[in-house]
Amino acid sequence: MSQEESRQRRNGSRRTGGRAAAAKRPIGSIALASVAVSVFLLGLYGLARPGLVGTREAPTNRSLKIGITQEFENLNPVIMSMSATNYMYRMVNRTLVTLDENTEWKAQLAVEVPSLENGLARFVEFDGVRKLEADWHILPAATWGDGTPVTCHDLQLSWEVAQSPYVSIPNVENYRQVEQIRIDPQDPKHCTFLYREPKWNFDRPFQFYFLPSHLERAVFEAYGDEPEGYEQHSLYTRDPTNPGLYHGPYRIKEIQLGSHVVFERNPTFYGEPAHIDEIVIVLIPNTGTLEANLRSGSIDMVSSLGMSFDQALAFAKRVEADALPFHVNFQPGFVYEHVDLDLDNPVLKDANVRRALVYAIDRQGLVDALFEGKQPPALHFVSPLDPWFTDDPADIAYYEHSRRKANRLLDEAGWQMAADGFRYGADGQRLRLKLMTTAGNKTREVVQVYLQDQWRGIGVDVRIQNEPARIFFGQTTRKRQFEGAAMYAWSTSPENSPRSTLHSGWIPTEENGWSGQNQPGWANENVDRLVDALEVEFDPQRRLELIHGIIGLYTREVPVVPLYYRSDVSVTPANLTGYRLIAHQVQATNHVERWNLESEAVDTSRRASR
Amino acid sequence: MSADALEVDRALREKQLEARPMWRIVLGQFVEHRMAVVGVLVIAFFLLVALFAPVIARVTGLDPSRQNVLARYQPLASWEDASPYEREVRIERFEREADRAALASYLQGAGLVGPDVPQDELFYALVGSQRPGELLGLLRTAPVPEDPQLRRGLAELEDLVAGLRGFHLLGTDELGRDVFIRLVYGTRVSISVGLLVALMSGLIGLVIGSLAGYYGGRVDSILMRVTDALLSLPILVVLIVVSAIDLGKVLGGTPLSFVVDHQYESVIKMVIILCAFSWMQAARLVRGSILSIKEQEFVLAARVLGARDRTIIVSHIVPNVIAPLLVAVTLGIGNAILFEAALSFLGLGIQPPTPSWGNMLHNAQDMVQHAPMLAVLPGLLILLTVISFNYVGDGVRDAVDPKAIRR
Amino acid sequence: MTGFVLRRLFQTLVVIGLLSFFCYYLMTLMPGDPIDEMIAANPNVTSEDAERLRQLHGLDQPAYKRYWNWATMIASGDLGYSRTYRVPVSEILGKSLLNTFVLAGAALVFSLLVAVPLGVWAALHKGERVDYVVNLFAFAGISVPSFWIAIVLILVFAVYVPIFPAGGTSSISFDMTPWESFVDRARHLVLPVLSLSFLSIGTYVRYTRAAMIEAMSNDYIRTARAKGLSRDRILIMHGFRNALIPLITIVALSFSTLFSGAIITETVFAYDGVGRLVFLSIQRNDFNVAMVAFMISVSMVLVMNLVADLLYGVADPRITYS
């Protein structure tokens with residue numbers, strides 16, 4: 001080995017030694033490399049060719065793809081518990097009565113809603129106890145997808161299934177209300193419900209679902225006495241594309257849990273045939289990806305279980321700026337964002353302190369600043385869309401935004417403002433409040449900060465502490481461990497009795513197994529009395545008086561700080577007509593058969609806004 | 001060979017026989033690795049930023065927790081006006097601090113406020129009349145008063161108005177907080193978590209690896225099985241499960257329960273979790289190194305000479321083990337930072353309002369198309385930091401590798 | 001040899017069993033259970049309902065008992081019933097597992113195809129500019145947070161320059177021919193695979209390069225060159241083959257990292273795979289799904305370890321197992 005080579009070996013370079021071979025090298029490896037790279041790029045280009053699937057043309061009645069971010073489960077109505085499932089369910093099945101897009105109760109599968117006035121409902125006596133019974137007639141044209149008529153036997157089956165201790169049904173109250181179902185032997189579409197207690201809202205069984213007895217009864221009889229036996233063997237689980245399971249405007253063509261569901265038009269639907277041939281609901285759990293898919297055309301529409309509010313606001317601006325073919329729909333609803341106050345906390349025991357907290361908040365400013373006014377401020381637990389709503393100052397205590405009043409109330413309550421901007425009690429304790437909510441919810445975090453600012457302005461030291469929803473709901477609020485203020489939302493429906501949230505008997509305690517939603521721990525005997533009377537009052541006028549009385553006490557004593565009503569938000573393609581975003585529990589899919597992507601009668605008001 | 005060649009060889013050999021301290025050799029080799037040096041510089045920069053974060057905050061007047069819900073998602077290099085509440089609170093404090101009657105009449109005299117505005121509303125009216133930027137200009141060009149007390153009052157008023165404006169170099173996030181200062185404080189959290197985890201897991205790995213390597217046999221077998229088992233776990237899954245545990249449930253009645261209510265609970269939890277699952281690599285390296293050293297002559301000689309186990313370990317084995325351990329720790333820092341970011345991104349790690357690069361990314365997800373910088377910047381910083389640590393680790397490895405020592 | 005394999009298999013089973021208990025116990029420490037979620041979603045659920053449901057699902061029993069029930073159920077072949085989806089676990093798991101395999105497999109193949117040539121190339125040009133660039137690229141690969149690169153990829157290739165779909169497993173459409181369907185799946189795989197491969201490419205490039213350098217500096221290479229063999233032959237027959245050993249080990253051992261990476265990639269891209277399923281089911285305390293998915297991934301990794309050890313023995317004739 002020459003000294004030259006040995007030195008170069010030590011230095012690690014191969015310049016000299018390799019020059020002889022260098023002539024071979026470039027052709028060999030570089031050629032190979034360039035071939036490889038070009039094949040790769042060609043392959044990518046081939047795949048990337050837009051136009052294969054998912055261009056952004058306006059969707060037609062052939063197919064509509066809707067994106068949701070929330071998980072869904074199988075569509076057995078008796079065990080379903082997720083709102084996404086509820087959303088889809090209304091496309092394939094209906095109920096006796098429904099709440100329509102104008103927030104009015106209408107008969108759906110029933111021919112007529114029974115009432116005391118039209119004689120279809122009446123009081124009866126059973127062993128000296130006064131009970132209520134009602135006649136229900138099912139629409140003659142209603143049939144399941146395989147042609148079998150929808151009858152009262154289907155109601156009977158779901159009622160029986162709900163009573164079973166072996167079925168994991170989330171909420172049996174809807175079914176337990178009914179003590180007995182008597183089916184007319186001559187007409188299986190006619191039956192009489194006997195109600196356990198005569199409640200005035202018996203005529204709204206919108207969560208009393210139908211199970212196809214011609215298919216499911218056999219399953220229930222075979223497996224009904226094993227724990228979870230029925231639900232594991234139900235046809236909704238085993239054979240979900242069976243047309244006999246669905247009687248609505250659509251039926252399920254394909255379902256893949258955790259991914260998507262494909263719906264096709266049901267030819268046996270009793271009502272007007274749906275315009276859109278096929279609807280696909282796609283689960284995209286990540287909201288950013290959801291929006292990307294919407295813009296690229298992979299999905300055409302985002303349901304109300306989709307975008308976050310901030311995202312929707314920003315997207316609405318983008319739609320305006322770039323003239324994108326979408327409508328962003330906002331609809332205030334029945335979800336009541338509020339702050340529960342722990343009435344066992346010594347600081348909050350004083351009603352004046354609570355009132356001061358309400359005076360200090362500028363609710364209108366909050367919704368204007370954070371939501372561009374698209375979520376209405378709340379006065380109390382009854383939504384402005386609810387027939388029971390009142391803002392009459394004669395009925396309720398009204399708190400305008402007034403820092404002076406707030407400051408004065410706190411002064412009177414014995415909390416003195418010190419130089420550091422905080423208030424101190426007679427014993428030298430700082431006026432502290434812990435404010436909790438679910439972690440990871442950006443809107444709530446923003447509102448928290450807003451509240452903290454405003455309450456700090458009147459001298460309250462607010463400490464923010466958030467927890468994941470699982471812990472927050474499962475433990476902290478349920479067991480009343482939040483010690484101060486807990487911010488979250490209730491989902492209500494129109495004319496809903498506030499028993500579980502305001503009645504003193506429903507304060508969660510260890511003894512009663514933490515049942516009830518009266519988290520503040522409000523015990524007011526007047527309220528108890530009014531709530532009890534409300535549920536059995538059949539005169540609508542008198543009911544109104546009772547609920548207004550409750551609202552009055554609620555606003556005067558402030559067990560809860562009302563914030564605002566959440567709006568639902570959805571994004572629809574510009575050429576979709578017949579769609580109304582609905583913000584109560586019976587979602588927009590309730591009128592899915594009216595959705596139309598190819599209607600000539602284009603809404604002129606919308607054209608102007610574009 | 002020629003005479004020259006012999007000369008060269010002898011010179012080289014002499015140089016080789018020159019005694020140089022180990023650390024200098026290592027350092028010399030390290031410096032040769034260009035990218036490692038760049039990495040060290042970058043890390044030093046980040047460390048400085050992390051250490052002096054409060055100073056930076058004070059100098060720029062920015063506060064990572066100061067939220068302004070009226071100035072959310074502001075773009076890069078924008079000015080933000082304080083919220084009305086902030087204004088009110090500051091003015092109230094201003095009024096409380098001293099008697100402002102003279103200042104009030106001066107302002108009226110200078111024409112900055114209408115003559116019929118009552119004093120208790122005067123300052124509110126003044127501040128509310130226009131944006132802080134313009135107002136500041138007006139105040140500065142107003143005629144200077146003679147009275148020193150008045151001059152001081154005016155200066156305090158100017159301070160107040162100046163404080164109502166904020167400049168945001170990198171814009172604001174979803175709660176109106178300044179992104180730049182949050183990134184700076186995020187440096188603190190991310191790097192301290194990374195360092196802490198790497199050091200602690202290195203220590204644990206050292207102990208376990210030493211035990212396994214030195215004692216061998218059954219001990220070694222068991223420890224290695226445990227290590228392998230833990231290494232085979234899909235880390236992220238376990239991290240997700242463990243980080244979701246409610247520490248309160250576990251530590252409730254014990255003396256450690258103070259940890260639960262602490263402001264840094266999420267950080268502590270994160271450090272513990274990451275430590276528990278990062279020591280394996282170090283343990284393996286240490287064990288391998290010990291195994292190879294154990295059989296070498298000098299150890300045998302020491303034992304024959306009667307040295308105790310402890311002496312052998314401390315004086316002979318540990319110095320030789322430091323090298324691979326150092327490499328493992330340095331590379332481990334990068335890994336720890338990445339894991340922390342991943343967990344925070346999934347919403348399970350550091351909880352807001354404590355800023356960490358990972359959780360800033362988490363919050364920026366759904367607005368990624370409307371405010372992409374919020375998502376791009378933290379990730380970029382993570383990339384820079386981790387790549388620097390990796391280069392440094394590589395440099396250290398090259399530097400201490402005995403086979404690579406060429407002098 | 002068979003003795004060795006059997007012993008290792010037995011050890012693996014023991015480890016899997018212990019890990020399963022460990023994981024199950026950890027999950028019981030998580031606050032809240034599926035019933036609480038149900039209550040949160042539906043305010044009408046009363047405490048009697050909750051009690052009844054808890055008893056029905058056996059959630060009121062202590063952890064070790066529940067674990068025992070679960071273990072015996074699994075041993076008898078019944079994978080259990082998913083609390084979240086209300087269907088048997090096998091139904092949900094089957095399709096997702098396949099999807100994840102496709103994703104991870106494609107990422108693995110792609111990474112190897114890119115990384116090995118790059119690593120060899122860099123090794124051959126050690127110290128030159130090419131080497132630096134490849135090194136930089138590799139380091140970037142192992143340092144980049146995968147969720148960040150996923151977001152950036154979506155931003156660039158699906159929003160700003162929309163040439164790839166922004167997530168999902170495939171398009172939902174029924175009139176696609178098998179070929180079109182295949183191409184569609186491939187399109188949806190491009191970005192996730194790219195995002196998942198960054199880390200692997202970085203790791204493999206570095207190992208290949210290091211192994212090649214190590215191999216190339218060995219004495220027998222010098223001997224082969226002295227004997228007059230061409231460079232390429234040396235490369236392939238000797239250098240590369242010896243570099244294979246650590247590479248195989250690394251590849252086999254990277255299964256667990258691949259799986260962890262898949263969780264994040266699948267979540268961001270909404271890819272219907274088992275990683276995302278595991279994450280969601282842990283969040284929802286859906287024990288059955290989470291445990292089965294966990295067991296599968298752990299077993300896969302442990303089996304891969306065993307395979308790696310065996311392959312090691314095959315590739316390196318110096319190693320024998322007794």
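Lettering of chains follows the sequences in order, A, B, ..., and the numbering in each one begins at 1.
- For chain C, the nearby part of B/Leu361 is the side chain; its heavy atoms alone come within less than 4.5 Å.
- Remark: side-chain polar atoms of C/Trp148 are not paired, donor with acceptor, to backbone N or O of B/Pro378 under 3.5 angstrom.
- Between the CG atom in B/Leu338 and the CD1 atom in C/Ile142 there is a gap of 9.0 Å [rounded to 0.5 Å].
- Closest approach of C/Leu155 to B/Pro372, counting heavy atoms only: CD1-CB, 4.0 Å.
- If you measure heavy-atom distances from C/Val15 to chain B, the contacts under 4.5 Å come from the side chain alone.
- The local environment of OH in C/Tyr25 is sparse, with at most 12 non-hydrogen atoms from other residues, nucleotides or ligands closer than 6.0 Å.
- Within the model, atoms CD1 of C/Ile264 and CG of B/Leu346 stand 5.5 Å from one another, a figure rounded to the nearest 0.5 Å.
- Rounding to the nearest 0.5 angstrom, the gap separating the CG atom in C/Leu136 from the CE atom in B/Met35 is 5.0 Å.
- Residue C/Ile154: no heavy atom, backbone or side chain, is found under 4.5 Å from chain B.
- Of the two parts of B/Leu380, the backbone and the side chain both hold a non-hydrogen atom closer than 4.5 Å to a non-hydrogen atom of chain C.
- With contacts defined as side-chain heavy-atom distances shorter than 4.5 Å, the pair B/Asp394/C/Phe139 qualifies.
- With a 4.5 Å cut-off on non-hydrogen atoms, C/Ile16 does not touch chain B at all.
- Side-chain contact between C/Phe147 and B/His362 is absent, with no heavy atoms from C-beta onward closer than 4.5 Å.
- Proximity of B/Phe345 to C/Val268: side-chain heavy atoms (C-beta onward) are separated by under 4.5 Å at one or more points.
- With respect to chain C, the highest number of heavy-atom pairs below 4.5 Å among B/Val226, B/Asn335, B/Leu383 belongs to B/Leu383.
- Applying the ring-ring contact (aromatic ring centres under 6.0 Å, His included) rule to C/Phe21 yields the partners C/Tyr67; only residues at least two apart in sequence or on another chain are considered.
- Rounding to the nearest 0.5 angstrom, the gap separating the OH atom in B/Tyr391 from the OG atom in C/Ser143 is 8.5 Å.
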